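First the structure, in the form of structure tokens, and then the observations on it.
Computed from a predicted model, the values in this text were never measured in an experiment. Along the sequence shown, residues are numbered consecutively beginning with 1.
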Amino acid sequence: MTTNLWNWYKNPEKWDVLKRYDVHVCTSFQYGGKRKITDSRPLTEDIFVDMVEKWKERMNKPLSFIAVIDKDNRDTAIQTVKLAKRHKMMCKLNPCFVSGRATESYPWDRTLEMYAEIVESGLSYWEDNSYHIAKMMLRNTNTQACPFVTECEQSFVVLNPDGSVHHCSTDVRTNGADSSIIRFYYRDVPVVSSDCLTCPWYQYCNTCRVYRQEIRAIKTPEYCERVNTSLERIQTWANNHKDYFDD
């Protein structure tokens, strides 16, 4: 279950039913003030930490969180993962897409640079995406972690508060558009570019149709070089620290 936790924070007794079920709960936090409690009130680190501590005391359940990374808070990536580590939580740093309030995406090649920094800092145990990328390299296999699942329709079900059911969390109306992001991506071609077909890093850019379209829309001439350098950095660190990625 994904929730902003604000309702739980104000009315925790309403949520005690979760204690009886094996439901993993994920929330969200990011530095920079864009994560809101209300339309005008940002979620600060102090409030978030208080939420986390009270959750642990009352629910006795693990808690993870998602952070959306964009050009304004990119420099807080390591800080975010260190926050997760201090509170023994797993976080998932996702690049910003043009969805909801966002009007500008964060590039995937820059996101991979961020994951390389996290891995080389020895922090990927606390950040889901970088950890899975390294494990994919070591085991030469795919994963059931988004965005590296090839057939989302067979793997994920997303139930939104309005009762609608989807196979992707981006399947929502965006910025007043007539159709959702995911409907738009159904028209996507199978690969970012023809060069991808001979690239050893193919699966890291082309698995998710949403990511493919995002990459194509804002791809720069330096994109492939950045991807290659970042993934090589992750691979080198993972090969030198294989025990780190043993479950």
[atom1] ([X]) with more than 12 external heavy atoms under 6.0 Å:
{"X": "Y244", "atom1": "OH", "answer": "yes"}
{"X": "N11", "atom1": "CG", "answer": "yes"}
{"X": "K82", "atom1": "NZ", "answer": "no"}

Return the minimal non-hydrogen interatomic distance between [X] and [Y], and the atom names on each side.
{"X": "G33", "Y": "P42", "answer": "O-CB, 3.6 Å"}
{"X": "V81", "Y": "W126", "answer": "CG1-CB, 3.9 Å"}
{"X": "E104", "Y": "K71", "answer": "OE1-NZ, 3.2 Å"}
{"X": "A67", "Y": "T80", "answer": "CB-CG2, 4.0 Å"}
{"X": "F245", "Y": "R139", "answer": "O-NH2, 4.2 Å"}
{"X": "L138", "Y": "K242", "answer": "CD2-CG, 4.0 Å"}

Once ring pair (Phe, Tyr, Trp, His ring centres under 6.0 Å) is applied, do any residues pair with Y204, and if so which ones, sequence neighbours excluded?
W201
So, R110 and E113, do they make that salt bridge, N to O below 4.0 Å?
yes
Under-4.0 Å salt bridge between K219 and D109:
no
Rounded to the nearest 0.5 angstrom, the CH2-OG distance for W237 and S124 is 5.5 Å
Do the ring planes of Y115 and W108 sit parallel (below 30°), tilted (30 to 60°) or perpendicular (above 60°)?
perpendicular
